[in-house]
Number of protein chains: 2
Amino acid sequence: MRRRTGTREKIIDAAMRLFYKQGFHATAVVEVREAAGVTNSGFFYYFNSKADLGCAVARRYLELLRSQVFLPVSRSVEDPVERVFAVLDGYRGILVNNDFSAGCPMGRMAAEISEANPAAVGVLNDAFRVWINEVKGWLREAEDRFPEGTNLAKLAMFVLVTMEGAVMLARSVRRIEPYDESVAELRRYFELLGDKTRRTQGKRGGEK
Amino acid sequence: MRRRTGTREKIIDAAMRLFYKQGFHATAVVEVREAAGVTNSGFFYYFNSKADLGCAVARRYLELLRSQVFLPVSRSVEDPVERVFAVLDGYRGILVNNDFSAGCPMGRMAAEISEANPAAVGVLNDAFRVWINEVKGWLREAEDRFPEGTNLAKLAMFVLVTMEGAVMLARSVRRIEPYDESVAELRRYFELLGDKTRRTQGKRGGEK
DNA sequence: GTCTATATATTGATAGAC
DNA sequence: GTCTATCAATATATAGAC
């Protein structure tokens, strides 16, 4: 892990923002280096290629997953199941705060570069694994609220899939409703599975 | 609606295939016109710009939705709820038949061009609406299998969201499991909502 | 309506001085 | 490690003959 200051970091930072708002292909290297205040050669001193930058950005997404997505929620929300929905609420915030031009950075990048940049895809897939695993861990903390034998890994993956699909649709129609309604359906699924949690309750949360 | 033969149609056809396998930005106009066997000027005689082509392709997706996705399933599957899952199985086929380089053409395009090409986005959003509406219609045929007051429009949208998210993840990891498991979770949700349909049954299907 | 030829702009990437 | 200058390739798009 590298220091957070420095030119290289500034480039990754700028790229990250541009990529998740405009997409990878739609963003030129020039835009990135201008946003970062770096000269052209400066850029290619730090990165061999645009694909290389893509990898670095993917790795940054993976890092930020813990510090920006999961850790804050872990600290602020006690109930494990409510943590899951708090994470989903975080992605909602990204949508509305960016006027629906950005959703899930990882999902957007994965949708766009799947085949062309195998290295970056590998990192993104690691990130998806981390995402699912974290949610699975929370669900396991509350496993007695789900039916015997419920596959929590698959359920966690389903949460990710719901989020990604909902983000895509909401972004396309530029309205939050598809997102909110999808989360509501997911919530209903959880309830039908037996989870009785409600936003204020937390009968077994936080025992970690 | 235009004739299916003719140069313009050949271009749209070629573009459609390239776009949903490589993406819109990653596909150059040259590739499209070469795949269509059309000269460069020939291309720009029929389309004002690449964005224009994007619109035409989106419109084609919308057309094909009825003829290629919903109509065949309507004819071959009797039970309305099973029709929904038969459609999902169709997208599964796209994934595996293209070795995970293609999933849902509409979803891929929507994820990529959201802001840059408002006209195409409009068409895609129409297509999403048609998709949801068709599924909603099927669910309504089986509405007595769901709890009183179930919002079938939202449920239909949730099916779309699940499919899109699952396609994205399966495409990224190049494995079918995330897709199959997501559909299984959706199936479980339907069961918990009260639907008792099974692949062979159809206790109330096809009364239309 | 299709061809050849070409324009123009932008792209990703390099060379070499300081 | 950062600068100026520049490359070669690719991109979208146009002109004008037939």
Could you tell me whether E115(A) and R108(B) make a salt bridge, using a distance below 4.0 angstrom between a side-chain N and a carboxylate O?
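So E115(A) pairs with R108(B) through a salt bridge.
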Using modelled atom types and a 3.5 Å cut-off, is there a donor and acceptor pairing between side-chain atoms of D79(A) and backbone atoms of E82(A)?
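The answer is yes, because a donor-acceptor pair under 3.5 Å joins these two groups.
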Can you tell me if E112(B) uses its side chain to pair, donor with acceptor, with the backbone of M109(B) under 3.5 Å?
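No, E112(B) side chain to M109(B) backbone: no donor-acceptor pair under 3.5 Å.
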For DNA chain C, whose closest nucleotide is more 5', that of S49(A) or that of G37(B)?
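Residue closer to the 5' terminus by nearest nucleotide: G37(B).
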Specify the residue among N48(A) and V30(A) whose closest nucleotide of DNA chain C lies further upstream toward the 5′ end.
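Looking at DNA chain C, the more 5' nearest nucleotide goes with V30(A).
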How many whole angstroms separate atom [atom1] of [X] from atom [atom2] of [N]?
X      : N       : atom1 : atom2 : result
E34(B) : dT12(D) : CD    : P     : 12 Å
F47(A) : dG12(C) : CZ    : C1'   : 15 Å
I11(A) : dG1(D)  : CD1   : C1'   : 11 Å
L53(A) : dT11(C) : CG    : P     : 15 Å
F43(A) : dA13(C) : CZ    : P     : 8 Å
R33(A) : dA5(D)  : CZ    : P     : 13 Å
F24(A) : dG12(C) : CZ    : P     : 8 Å
Q22(B) : dA11(D) : CD    : P     : 11 Å

Taking the six-membered ring of Y189(A), is NZ or CZ of R188(B) closer than 6.0 Å to its centre and within 45° of its axis?
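Negative - R188(B) is either too far from the ring of Y189(A) or too far off its axis.
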Quiz item: cation-pi between K50(B) and F44(B), 6.0 Å / 45°:
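Relative to the ring axis of F44(B), which defines the angle, K50(B) lies outside at least one limit.
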Among [options], the nucleotide that comes nearest once only the side chain of [X] is considered:
X      : options                   : answer
N40(A) : dG1(D), dT14(D), dA13(C)  : dA13(C)
V29(B) : dT11(C), dT14(C), dT12(D) : dT12(D)
A28(A) : dA13(C), dT11(C), dG1(D)  : dT11(C)
S41(A) : dT12(D), dA15(C), dC3(C)  : dA15(C)
F44(B) : dT2(C), dG12(C), dT12(D)  : dT12(D)

Can a side chain N or O of Y45(B) be found less than 4.0 Å away from OP1 or OP2 on dG1(C)?
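Yes.
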